[in-house]
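So the structure is just underneath, and the comments pick up after that.
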Amino acid sequence: MNTGKYDFIKIEQKWQNEWFENKIYEAQKEKNKKFFIHFAYPGVSGYLHIGHMRGFTYCDIFARYKRMTGYNVLFPAGFHASGIPSIGFAKKVERKDPHTIKILKEYGCNDELINKLKDPNEVVNYFSKIYVDDYWKKFGLLIDYSRIMSTISIGYKKFITWQFLKLKENNLLIKKPHFAPYCPNCGPVAVDKSETDISKGGNAEILEFTIIKFEMDDGTILPAATLRPETIYGITNMWVNPDVEYTKIKINDEIWIISIEGAKKLSFQLDNITILNEKILGKELLGKKCKIPLLNREVPILSGHFADPNVATGIVMSVPSHAPYDYIALIESKEEIEPITIIEVKELGCIPAKQVCEELKINNQNEIEKLDNATEIVYKKEFHTGYLNEKCGKYVGIKVSDIKDKVKNELISNNKANIMKEFSEEVICRCSGTVIIKKIPDQWFIKYSDYTLTSNSKKHVEKMNIYPQEYKQELPGILDWYDDRACIRKGSWLGTEFPFKKDWIIEPISDSTLYPAYYIISKYVNENKISTDEMNEEFFDYIFLNKGKSKDSIWDKIKSDFEYWYPVDINLGGKEHKTVHFPVFLMNHVAILPYERYPKGIFTHWWITQKNKEKISKSKGGVEHISEAAIKYGIDSMRLYYSHIGSTYIDIEWDSESVIKYKNRIENIFKLYNKLMKINDKRNVNLDNWLISSLNRRIKIINESLNNFDLRIASNEIFFEINKDILWYLKRGGANQEILLKLLKKWSIMMTPITPHLSEELWYLLQQNKFISEKQFPQFKSNDIYENEEIGEFLISKLIDDANEIIKVTKIKPKKIFIYVSPEWKKIILKKSLRLYIENDFNLGKFIKDLMSDFELKKNSKKVLKYVNKIQTEIKKFNVLDQKRYLKDFNSYNYLIDSKDYLEKIFKCNIEIFKGDNENIYDPEERSKFAVPLRPAIYIQ
RNA sequence: GCAGGGGUACCCGAGUGGUCAAAGGGGCAGGGCUUAGGACCCUGUGACGUAGGUCUUCGAGCGUUCGAAUCGCUCCUCCUGCACCA
């Protein structure tokens, strides 16, 4: 028998074995109420960290709670194996990336296994097993393991193929040109922070430059690149870099002069480009002139060293009034050219760039940091508060923030400009080549911009349960903002072949939208009850859309499963999914399935971060591995930590010290539990009733908060407040064994969703039987409320607070304490006035007149008036609970007499209690007059 | 640029109009307990106060209100996502 030491490793292992051997996780459809919850399945990208466990754990807690409140729960899981991650991992193994190899070895992989992991499919197999055995099962998750699936399995691919047939059928697949990152050596690459494909530039954004065609005297075109086409009205000159070699290119019938780098990039974006073998040094262009399109004003070409051949065309148009770089270069050139101001903006004077450059004390073109800063200041101010002035012709008076596309479009439609896409910073491929942006003329997209699809989705959002509440407000805006998404890619990644274009693979966001539906089927595939050969369009149409005829009894079985379990009640995922996965999850359901199958809820949680709110990443030192943490802290400690440390929707900085505190908490509960089981029986009606009542109130709060998916409140009540109530009960001398055992039973059941292993153990100690996980969650019972005792204990605790404060302030060491209960008449007056106030009928004058008609009160009119005066403002501040307390008939004197022993013990002195109505009492300092209902007067000697 | 979320005491973090000098946890201080452990229990922890009180505080400022951490406006500041990463 256990003596109080809680061996969490042994206990957690024991109960996990019991659960999984008995398969208590399998979803059964035997009751009427069902609940389908799942988390956004993880990408297979390597070992996960303790941050990932946060969401998985939440999902399990909700699933367990629902299971214990009469729902039949389906909680499946799978792996998102498509896309780049597993290929990236395999590539790292192949090129013997030292960090990757080191980690694999740390996890105990031998050379043979490591060698196998050069194959991305093996990577998926290996990690799938790790996720199930070392993460999910280790954390006690009651996932329905009979439904595990992966997105690169044959069955899943059949399902995705079907999804795309349906999208096409609904006119939601379209073709149009697209610009995508591309390496001339390796093909398409992903530019993202994980830098799987690239070695530099993961933070690069794709910018859209307008290339404006300036014609020189000989008809050659000087293409200047700008992000602010509206500023053409303020151009005073052009900048070319005198030391850079430019080249001529032929585009259709035009000859352009452009940097060599720019020419190469542009050749991936525009048709009919020929790079001519005619090079020109920048110097040779100086002094020549060219014409501003639309305006036909001539401007000179000047020398600007800051013109970078690697940025766009390498040729810059100069707007010195509004661009600090141009302004400083102009000053340095010593040319007699006046800046032309075309934007009126408050605070920045008549030449904004000049003013800001002077404020920042910028003297030359080399002060790049300051110049960038100045550019940002000018641009922001102008963008938000600027208006185009009279120099801008027909655009006069338009806000800068509204103008951009207008000028751009006018230029383009007059064939005076082109668009060029360019990275905001250099991006280098793994092969060390420069990544460029390539135009794909006929890229396939899912048409998320579709009006009907968007508005139906938005309409449905109103009916959904979305947590946190803020996300529900945000989601319609995201659905509007969400544009068409390129859905296929040619190149190396895993996934389903696109049915309408050979050798192109569906990209991973698009193949993970409708997938909860596949969990219904995966069980039958896993159990070999259906062959994937059978799973064609006809099959899926029958199961999901109720179209066509059944070809086999198993089809009907699957279909009835689908109709029972679908739709999804909660899809749970991290905040990173808010603007990507959740919108497409919703929209694909709306696009393909009938209304009854639209998802019912979404829950988003925030992250575990490293110190300083940094995203957890192995390269930055990372944090503990999941399996290490499991042994160091225990699973239940971590589950409690995730639930209680903060709301589900804030980021938490990982802090192992805190987890240890939760570990202690669990051990203490275990000890307390053992102590209570053995307590010597003693009755005290007041305390016993109070404990029952208090627990019952908490049961109500706990159920309410769990039904709102508010883990923070629930875990606080279960693991802290109930604990505190028990300690108060014991301290006050409560020891009713029958009641305590009942409480322990309910308490351990309520702990189960959050700390299931501890609960099973406690349950076994208490009941000698198994599976608290399958018990019914306690519910509020209106009979189990004892208001009298609640008021009584409130009175006692307030009295102790007051007495302590007096002791503290006066520094008296009490020899004897006298307590004077409020006289009856004060109670009567308070109740009367409170009732009137609640009925909105409190009139001071009338009230006093009424009181004075009472002979007894009239005798004491001075005291009465003083008291009435005091309470007339006080009663306004009462809350509902206060009101209830004061309206109830409660005998403070009797309650205090019953608690006298306890008070004497606390204050370590004799205590005497007087009724306030008695005339001849010991009251040397005349304290008794301060007594009011529920707040006795105190005199300390 | 577009969109979203924050700033609460020594720290983490609840709190969205009165129950708030502000839950809970931690830290710190004092005390207790102990088969000595990251243990546990009690008290205190904005300031002042020899009687249960008073005063000041929730990023800054202004405003709405009988009443503001909470509502509005302006500002400062931090963070997050953004389409071929999932």
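The sequence lines fix the lettering, A, B, ..., with proteins before strands; numbering per chain opens at 1.
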Pair assignment for B/rG1, Watson-Crick or G-U wobble, requiring both distances under 3.5 Å: B/rC82
Sugar-phosphate, base or nothing in reach of A/Leu475, heavy atoms under 4.0 Å: nothing
Pair assignment for B/rU70, Watson-Crick or G-U wobble, requiring both distances under 3.5 Å: none
Touch class at under 4.0 angstrom, heavy-atom based, for A/Val191 against every strand present: sugar-phosphate
Pairwise C1' distance for B/rG59 and B/rU65, with rounding to whole Å: 23 Å
B/rU45 versus B/rG26 - spacing of their C1' atoms, nearest Å: 13 Å
Whole-angstrom distance between B/rG7 and B/rA60, as gauged at atom P: 12 Å
B/rU19 - base-pair partner by Watson-Crick or wobble geometry, distances under 3.5 Å: none
Sugar-phosphate only, base, or nothing, as touched by A/Ala190 at under 4.0 Å among non-hydrogen atoms: sugar-phosphate
Sugar-phosphate, base or nothing in reach of A/His577, heavy atoms under 4.0 Å: nothing
Touch class at under 4.0 angstrom, heavy-atom based, for A/Asp483 against every strand present: base
Closest approach of A/Arg485 to A/Ile509 (non-hydrogen atoms, all atoms of both residues): NH2-CG1, 3.1 Å
Which protein N or O atoms sit under 3.5 Å from an N or O of nucleotides 28-30 of chain B?
none

Where at least one partner belongs to residues 927-941 of chain A, residue pairs that pass side chain to side chain donor-acceptor pair (under 3.5 Å), sequence neighbours excluded: A/Asp802-A/Arg935, A/Tyr922-A/Gln941, A/Asp923-A/Ser928
A/Lys905, NZ: over 12 other non-hydrogen atoms inside 6.0 angstrom: no
Under 3.5 Å side-chain donor-acceptor pair for A/Asp511 and A/Ser82: yes
Under 3.5 Å on both distances, the Watson-Crick or G-U partner of B/rG24: B/rC12
